[in-house]
> 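If you scroll down you'll find the structure; I have some questions about it.
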Number of protein chains: 2
Amino acid sequence: MAATTRMTRQKKVIIDILKNTKSHPTADWIYEQARKIIPDISLGTVYRNLRLLTQMGEILELNYGSSYSRFDGNPLPHYHFVCEKCGRVFDVDLPIFSNLNQEVEAQTGFLVKNHRLEFYGTCLDCRQKS
Amino acid sequence: MAATTRMTRQKKVIIDILKNTKSHPTADWIYEQARKIIPDISLGTVYRNLRLLTQMGEILELNYGSSYSRFDGNPLPHYHFVCEKCGRVFDVDLPIFSNLNQEVEAQTGFLVKNHRLEFYGTCLDCRQKS
DNA sequence: ATAGGTGCAAATGTTTTGCTGTCAA
DNA sequence: TTGACAGCAAAACATTTGCACCTAT
């Protein structure tokens with residue numbers, strides 16, 4: 001039997017935090033927020049649930065440009081901007097290149113499931129500070 | 001004074017390995033290759049040089065989709081395909097979207113220096129195995 | 001009732017770093 | 001000559017996991 005998914009208090013809180021922030025938080029930030037509601041939640045549980053939710057396609061793991069992952073409560077395809085100064089990740093409002101996967105598939109013979117597009121540079125806040 | 005760059009035997013070997021492989025090797029793989037030429041080279045030295053070369057723009061660090069980085073001896077802009085089964089990274093022969101950075105810059109007010117585009121899926125070898 | 005989830009802490013795996021000695025310029 | 005770089009090993013860091021207990025179904 002496929003493993004069923006239980007809706008625990010911990011998972012509910014983690015989903016809630018993730019769906020209600022526009023930032024793309026780290027596991028640690030989510031942990032700190034979650035502790036405000038469930039003081040003895042453990043970091044391991046946060047990681048376990050983030051992995052589960054990622055596998056279920058409920059959230060996205062953004063694991064580029066840094067040594068740690070960030071998570072995105074919006075699983076719909078969209079692109080990102082990474083600030084190289086402060087490390088923050090922003091959504092980029094650009095239409096999806098929906099034919100690109102097929103194009104690469106035709107060219108390579110590989111099975112292409114999805115693609116990611118990230119922009120790197122300096123965000124507005126950091127631009128003004130320098 | 002800006003730190004000058006010394007061409008050590010170690011650095012030379014690492015550059016040579018990286019420029020002569022089409023794979024996108026991990027630090028550990030580079031280390032193993034380098035040991036065939038300099039048996040007592042240390043992993044720390046490999047990492048130090050990889051970081052240095054990345055900062056100098058000589059090579060690219062590919063740090064997505066996995067817990068460890070891969071390195072690319074070709075610093076010219078190009079896109080990648082990541083196999084989710086075997087973890088290998090392939091070059092994708094697609095023209096660069098050269099106006100995209102400006103487009104995002106205009107839209108966000110951020111300073112956009114570059115972008116990355118990666119495709120995810122199953123490579124030909126892994127497709128045939130399943 | 002029971003299997004999937006939790007908290008805790010130890011383990012893991014990759015990458016970085018402190019120190020002392022070495023070598024490229 | 002000398003300061004950037006090497007080797008070595010320990011530390012740092014994010015993330016995963018083993019275990020005994022707990023709880024959603």
Side-chain angles (χ1 to χ4, degrees), chain A residues 1-18 24-56 58-72 82 87-89, chain B residues 1-18 24-56 58-72 82 87-89:
Chain A
M1 284 295 103
T4 44
T5 287
R6 257 196 250 179
M7 184 50 65
T8 61
R9 199 157 90 85
Q10 289 79 349
K11 186 183 293 172
K12 203 175 294 179
V13 165
I14 290 168
I15 291 172
D16 202 59
I17 289 169
L18 221 32
H24 301 73
T26 62
D28 213 69
W29 186 88
I30 295 165
Y31 171 58
E32 290 306 329
Q33 301 305 307
R35 283 177 72 185
K36 293 178 183 171
I37 298 156
I38 308 177
D40 66 346
I41 193 172
S42 80
L43 187 54
T45 293
V46 171
Y47 274 107
R48 260 187 294 241
N49 277 304
L50 289 173
R51 186 146 51 114
L52 212 62
L53 291 167
T54 301
Q55 286 166 351
M56 291 166 55
E58 285 273 311
I59 65 173
L60 295 178
E61 180 178 2
L62 312 178
N63 52 0
Y64 30 71
S66 171
S67 55
Y68 46 84
S69 284
R70 290 173 171 273
F71 296 86
D72 191 333
V82 182
R88 280 189 293 171
V89 175
Chain B
M1 284 296 105
T4 44
T5 285
R6 259 197 246 177
M7 184 49 65
T8 60
R9 199 156 91 84
Q10 289 78 353
K11 188 183 291 173
K12 202 174 294 179
V13 165
I14 290 168
I15 291 173
D16 202 59
I17 289 169
L18 220 33
H24 301 72
T26 62
D28 212 68
W29 186 89
I30 296 165
Y31 171 59
E32 289 307 329
Q33 301 305 307
R35 284 177 70 184
K36 294 177 184 172
I37 298 156
I38 308 176
D40 66 345
I41 194 173
S42 79
L43 187 54
T45 293
V46 172
Y47 273 105
R48 260 188 295 243
N49 278 305
L50 289 173
R51 187 148 49 117
L52 212 62
L53 292 167
T54 301
Q55 285 166 353
M56 291 166 55
E58 284 274 312
I59 65 172
L60 295 178
E61 181 179 1
L62 312 178
N63 52 0
Y64 28 72
S66 172
S67 55
Y68 47 84
S69 284
R70 290 173 172 274
F71 295 87
D72 191 334
V82 182
R88 280 189 294 173
V89 175

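Here is the naming used below: chain letters follow the sequence lines, and residue numbers restart at 1 for every chain.
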> Measure from OH on A:Y31 to P on D:dA14 and round the result to the nearest Å.
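In whole Å, D:dA14 P lies 13 Å from A:Y31 OH.
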> Base, sugar-phosphate, or nothing for B:R51, non-hydrogen atoms under 4.0 angstrom?
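Since only primed, P, OP1 and OP2 atoms lie under 4.0 Å of B:R51, the category is sugar-phosphate.
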> Indicate the atoms forming the closest heavy-atom contact of A:L50 with A:A27, along with that distance.
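For A:L50 versus A:A27, the nearest heavy atoms are CD1-CB, 3.8 Å.
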> Please state how far atom NZ in B:K12 lies from atom C1' in C:dA24, giving the value in whole angstrom units.
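After rounding, the gap between these two atoms is 10 Å.
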> Nearest whole angstrom, please: distance from the C1' of D:dT16 to the CG of A:L50.
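One finds 13 Å between C1' of D:dT16 and CG of A:L50, rounded.
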> Please confirm whether the backbone N or O of B:H24 pairs with a side-chain atom of B:R70, one donor and one acceptor, at under 3.5 Å?
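Such a contact is found between B:R70 side chain and B:H24 backbone.
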> So does B:T45 get a side-chain nitrogen or oxygen closer than 4.0 Å to the phosphate oxygens (OP1/OP2) of D:dG7?
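Affirmative; the distance criterion is met.
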> OP1 or OP2 of C:dT16 sitting under 4.0 Å from any side-chain N/O of B:Y47?
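B:Y47 to C:dT16 OP1/OP2: no side-chain N or O under 4.0 Å.
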> Using whole Å, what does the distance between atom P of nucleotide D:dT15 and atom CD of A:Q55 come to?
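These atoms are roughly 15 Å apart.
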> Given 3.5 Å as the limit, does a donor-acceptor pair link the side chain of A:N49 with the main chain of A:T45, or not?
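Yes; judged by distance alone, with no hydrogens or angles, the pair exists.
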> Of the nucleotides D:dC8, C:dT15, C:dG5, which one has an atom closest to the side chain of B:D40?
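The listed nucleotide nearest to B:D40's side chain is D:dC8.
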> Between B:L43 (CG) and C:dT15 (P), how many Å, whole number?
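My rounded result for the distance is 9 Å.
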> Under 4.0 Å, counting only non-hydrogen atoms across every strand here, what does B:T26 touch: a base, just sugar-phosphate, or nothing?
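No contact.
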> Of all the choices, C:dT15, D:dA4, C:dG4, which nucleotide is nearest to the side chain of A:R6 once you look at every atom?
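From the listed options, C:dG4 comes nearest.
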> Ignoring the backbone of B:Y68, work out which of C:dT14, C:dG5, C:dG7 is nearest its side chain.
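Nearest nucleotide to the side chain: C:dT14.
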> In this structure, how many angstroms lie between the P atom of D:dT23 and the CD1 atom of A:I41, rounded?
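Taking CD1 of A:I41 and P of D:dT23, I get 14 Å after rounding.
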> Please confirm whether the shortest side-chain N or O distance from B:T8 to OP1 or OP2 of D:dA6 is below 4.0 Å.
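Checking D:dA6 against B:T8, a side-chain N or O does come within under 4.0 Å of OP1 or OP2.
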> Could you pull out the closest heavy-atom pair between A:W29 and A:I17, with the gap in Å?
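Reported closest heavy-atom pair: CZ3-CG2, 3.9 Å.
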> Would you say that A:M7 contacts A:I15 through its side chain, given a criterion of any heavy-atom pair below 4.5 Å between the two side chains?
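They are in side-chain contact.
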> Report the residue (A:G44 or A:K11) whose heavy-atom-nearest nucleotide on DNA chain C is the more 5′ of the two.
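Taking each residue's closest nucleotide, the earlier one in sequence belongs to A:K11.
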> Are OP1 or OP2 of D:dT23 and a side-chain N or O of A:Q10 less than 4.0 angstrom apart?
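Indeed not, no polar side-chain atom of A:Q10 lies that close.
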> Output yes when at least one side-chain N/O atom of A:S42 is less than 4.0 Å from OP1 or OP2 of C:dA9, else no.
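Checking A:S42 against C:dA9: no side-chain N or O falls below 4.0 Å of OP1 or OP2.
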> Hey, are A:T54 and A:E61 close enough side-chain-wise for a donor-acceptor pair under 3.5 Å?
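No, A:T54 and A:E61 have no side-chain donor paired with an acceptor closer than 3.5 Å.
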> A:I38 has an atom CD1; how far is it from atom P of D:dA24, in whole Å?
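It works out to 10 Å between those atoms.
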> Please tell me if A:N49 has a side-chain N or O lying less than 4.0 Å from either OP1 or OP2 of C:dT6.
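For C:dT6, OP1 or OP2 has a side-chain N or O of A:N49 closer than 4.0 Å.
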> Any N or O donor-acceptor pair linking the side chain of A:R48 to the base of C:dG4 at under 3.5 Å?
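When only heavy-atom distances are counted, A:R48 does not reach the base of C:dG4 through any donor-acceptor pair under 3.5 Å.
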> Using a cut-off of 4.0 Å on non-hydrogen atoms, how would the nucleic acid contact of A:D28 be classed: base, sugar-phosphate, or nothing?
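Result for A:D28 = nothing.
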> Separation of B:L52 atom CG from D:dA6 atom C1', in whole Å?
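The answer, rounded to whole Å, is 13 Å.
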